[in-house]
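What's counted below: heavy atoms across the whole structure, side chains too, no hydrogens, waters or symmetry copies.
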Amino acid sequence: MFEKPNALVTGANGFVGRFLLNRLRTSDNFNASGSVRAANKSTTNNLTAIGAIHGKTDWSSALNGKQLVVHTAARAHIMQDNAVDPLSEFRKINVDGTESLARQSAAAGVRRFVFISSIKVNGEQTNPGKPFTASDLVATDDPYGISKLEAEQKLWAIGRETGMEIVVIRPTLVYGPGVKGNFASLIRLVQKGLPLPFGAISNKRSLVGLDNLVDLIIACLDHPAAANQVFLVSDGRDLSTTELLRTLAEADGKRARLIPVPEGLLEFSAALLGKRAMARRLLGSLQVDISKNRELLGWTPPFSVEEGLKRCFTGYQDK
């Protein structure tokens, strides 16, 4: 009789972790439980509170009996970080915390450790038509990206020392029900129906819907070829900012009101307002090549961009 492996999902109350844990709990192939930093009224027997994440966190109660770990918990990228030393703060959780969890996982008998990293490890921008690949040399100067890269390097070393299999997944911008940050701002703008000066943007950006990301994570939990590999992930269809806004509006049953303002004028205006970083995200390109996922795992995104974007609005309406 098939004995289902036990999987731990860290950050089980987060944007990705919560949805992943729910999917695993309904799977016929895994038993799953999660860890959270602090218990609350909704904490169940399937959620273990482990306290703050750092280099000395005790994960023993959460790791007991586990063969698989998916580490989604992290200090997330912060648009306006008020920390005196952001890199130091990212390292405490994303590097030291990850290394400690991985070493305790190996000691507890975990055979595969799946780490949710970030495309920021590769960099912030690509030239159109020249996407990042999983084998590219990394070139990040972003504190969050640096912390994720350093965590990856710690994991590879632990894998070599202990034999525990490591899988690294670097998502592009993840969207779905309950998304926050800039993507949530775009959703609100579309819902208000305001005229927007983004009707003539020719960039290309890779995004990934939450359903597609979770599907790849689950594939990486038990696929033999996933062991000790890095995977980039997207929806497999890249959009310009103009196309994204139009598709978002259509997903909400609306028509986008987009004014074709030249990109150069938008860049100049953003510079005057001190919004260069925002302009880079709206006007620049960031593409990823996911052909490795198909060739090595036989994986392609099961959900279309349109399906993923509709889920965003369903989620917001349900709140």
Worksheet item: What class does the angle between the rings of Tyr175 and Phe183 fall in, given that below 30° is parallel, 30 to 60° is tilted and above 60° is perpendicular?
Response: parallel
Discussion item. If hydrophobic clusters are built by linking Ile, Leu, Val, Met, Phe, Trp and Tyr wherever their side-chain heavy atoms come under 4.5 Å apart, do Leu309 and Val208 end up in the same one?
Written reply: yes
Discussion item. Within the 4.5 Å heavy-atom criterion, are Ile187 and Leu248 side-chain neighbours or not?
Written reply: yes
Worksheet item: Roughly how far, to the nearest 0.5 Å, is CZ of Phe19 from CG of Leu24?
Response: 10.5 Å
Worksheet item: Is a side-chain donor or acceptor of Ser202 paired with a backbone partner of Ser240 at a separation under 3.5 angstrom?
Response: no
Worksheet item: Any cation-pi pair here, Lys180 with Phe15, using under 6.0 Å and within 45°?
Response: no
Worksheet item: Does Asn293 reach the main-chain N or O of Leu232 with its side chain, forming a donor-acceptor pair under 3.5 Å?
Response: yes
Discussion item. Side chains of Ile116 and His71, heavy atoms from C-beta outward: is any pair under 4.5 Å?
Written reply: no
Worksheet item: Is there a donor-acceptor contact under 3.5 Å linking the side chains of Asp289 and Thr133?
Response: no
Fill in: Check: Phe115 and Thr98 side chains under 4.5 Å, non-hydrogen atoms
yes
Worksheet item: Are any non-hydrogen side-chain atoms of Ser105 and Leu101 less than 4.5 angstrom apart?
Response: yes
Discussion item. How long is the straight-line distance from CD of Glu89 back to OH of Tyr144, given to the nearest 0.5 Å?
Written reply: 15.5 Å
Worksheet entry | Pairwise distance CG(Asn94) to CD1(Ile146) - rounded to 0.5 angstrom | 12.0 Å
Discussion item. Quick one: does any side-chain atom of Thr10 pair with a main-chain N or O of Thr72 as donor and acceptor, under 3.5 Å?
Written reply: yes
Worksheet item: Around Asp222, counting heavy atoms of other residues, nucleotides and ligands shown, do more than 12 lie under 6.0 Å from its CG?
Response: yes
Item to complete: State whether Arg103 and Glu161 are salt-bridged, where the test is any N-O pair (Lys NZ or Arg NE/NH1/NH2 against Asp/Glu carboxylate O) under 4.0 Å.
Response: yes
Fill in: Nearest atoms (heavy-atom pairs only) where Lys148 meets Ala74
NZ-CB, 3.6 Å
Worksheet entry | Any Pro301 side-chain heavy atom under 4.5 Å of Ile290 side chain | yes
Worksheet entry | Minimum heavy-atom distance Ile50-Asp58, with the two atoms named | CG2-O, 4.2 Å
Worksheet entry | Check: Val190 main-chain N/O paired with Lys192 side-chain donor or acceptor under 3.5 Å | no
Fill in: Atom pair CG/CG of Leu21 and Leu8 - distance to nearest 0.5 Å
9.0 Å
Item to complete: State whether the side chain of Ser206 and the backbone N or O of Val288 hold a donor-acceptor pair below 3.5 Å, judged by distance alone.
Response: yes
Worksheet entry | Verify same cluster id: Val233, Ile218 (apolar side-chain graph, 4.5 Å) | yes
Worksheet item: Would you say Leu266 and Leu282 make side-chain contact, with heavy atoms under 4.5 Å?
Response: no
Discussion item. Is there a side-chain contact between Arg257 and Leu194 in this structure, where contact means two heavy atoms from C-beta onward sitting under 4.5 Å apart?
Written reply: no
Worksheet entry | Same cluster (ILVMFWY, side-chain, under 4.5 Å), Leu258 and Leu283 | yes
Item to complete: Is it possible for you to say whether Leu286 and Leu245 belong to one hydrophobic cluster, with membership spreading through side-chain heavy-atom contacts below 4.5 Å?
Response: yes
Fill in: Within residues 297-306 or reaching into it, pairs that qualify as side chain to side chain donor-acceptor pair (under 3.5 Å) - sequence neighbours excluded
Asp215-Trp299, Arg237-Glu306, Ser304-Glu307
Worksheet item: Charged N to carboxylate O under 4.0 angstrom, Lys120 versus Glu124?
Response: yes
Fill in: CA sep, side-chain torsions, deciding dist, call: Val230, Val167, side chain to side chain contact (heavy atoms under 4.5 Å, CB included)
CA-CA 6 Å; Val230 175; Val167 183; over 6 Å; no
Worksheet item: How about Asp85: does its CG atom have over 12 heavy atoms from other parts shown lying under 6.0 Å from it?
Response: yes
Worksheet item: Does some side-chain heavy atom of Val110 sit less than 4.5 Å from a side-chain heavy atom of Arg112?
Response: no
Item to complete: Could you tell me whether the side chains of Asn122 and Asp136 share a donor-acceptor contact shorter than 3.5 Å?
Response: no
Worksheet item: Counting distance only, does the side-chain N/O of Asn127 pair as donor-acceptor with the main-chain N or O of Lys130 below 3.5 Å?
Response: no
Worksheet item: Any side-chain donor paired with an acceptor under 3.5 Å for Asp238 and Gln287?
Response: yes
Practice prompt. Output, in order, the C-alpha distance, side-chain angles, deciding distance and verdict of side chain to side chain contact (heavy atoms under 4.5 Å, CB included) for Val179 and Val174.
Written response: CA-CA 8 Å; Val179 67; Val174 184; over 6 Å; no
Discussion item. Quick one: does any side-chain atom of Gln67 pair with a main-chain N or O of Asn6 as donor and acceptor, under 3.5 Å?
Written reply: yes
Worksheet item: Salt-bridged, Asp96 to Arg91, with N to O below 4.0 Å?
Response: no
Worksheet item: Is there a side chain to side chain contact (heavy atoms under 4.5 Å, CB included) between Leu244 and Phe198 once you walk through the steps?
Response: CA-CA 10 Å; Leu244 172 60; Phe198 305 128; over 6 Å; no
Worksheet item: With no hydrogens and no angle check, do the side chains of Asp142 and Thr140 hold a donor and an acceptor under 3.5 Å apart?
Response: no
Worksheet item: Please walk me through it: do Leu68 and Phe113 pass side chain to side chain contact (heavy atoms under 4.5 Å, CB included)?
Response: CA-CA 6 Å; Leu68 306 167; Phe113 189 104; over 6 Å; no
Worksheet item: Is it true that the side chains of Gln229 and Lys292 contain a donor and an acceptor less than 3.5 Å apart?
Response: yes
Discussion item. Looking at Arg170 and Glu152, is there a salt bridge between them, counting it only when a charged N and a carboxylate O are closer than 4.0 Å?
Written reply: yes
Practice prompt. Nearest 0.5 Å please: distance from the OG1 atom of Thr172 over to the CZ atom of Arg205.
Written response: 9.0 Å
Worksheet item: Is there a path of hydrophobic side-chain contacts, each under 4.5 Å between heavy atoms of I, L, V, M, F, W or Y residues, that connects Val138 with Leu87?
Response: no
Item to complete: State whether the side chain of Asn228 and the backbone N or O of Glu165 hold a donor-acceptor pair below 3.5 Å, judged by distance alone.
Response: no
Discussion item. Quick check for you: to the nearest 0.5 Å, what is the distance between Thr48 atom OG1 and Arg37 atom CZ?
Written reply: 15.0 Å
Worksheet item: Quick one: does Ser35's side chain have a donor or acceptor within less than 3.5 Å of a partner on Ala62's backbone?
Response: no
Fill in: Side-chain donor-acceptor pair present, Ser100, Gln104, cut-off under 3.5 Å
yes
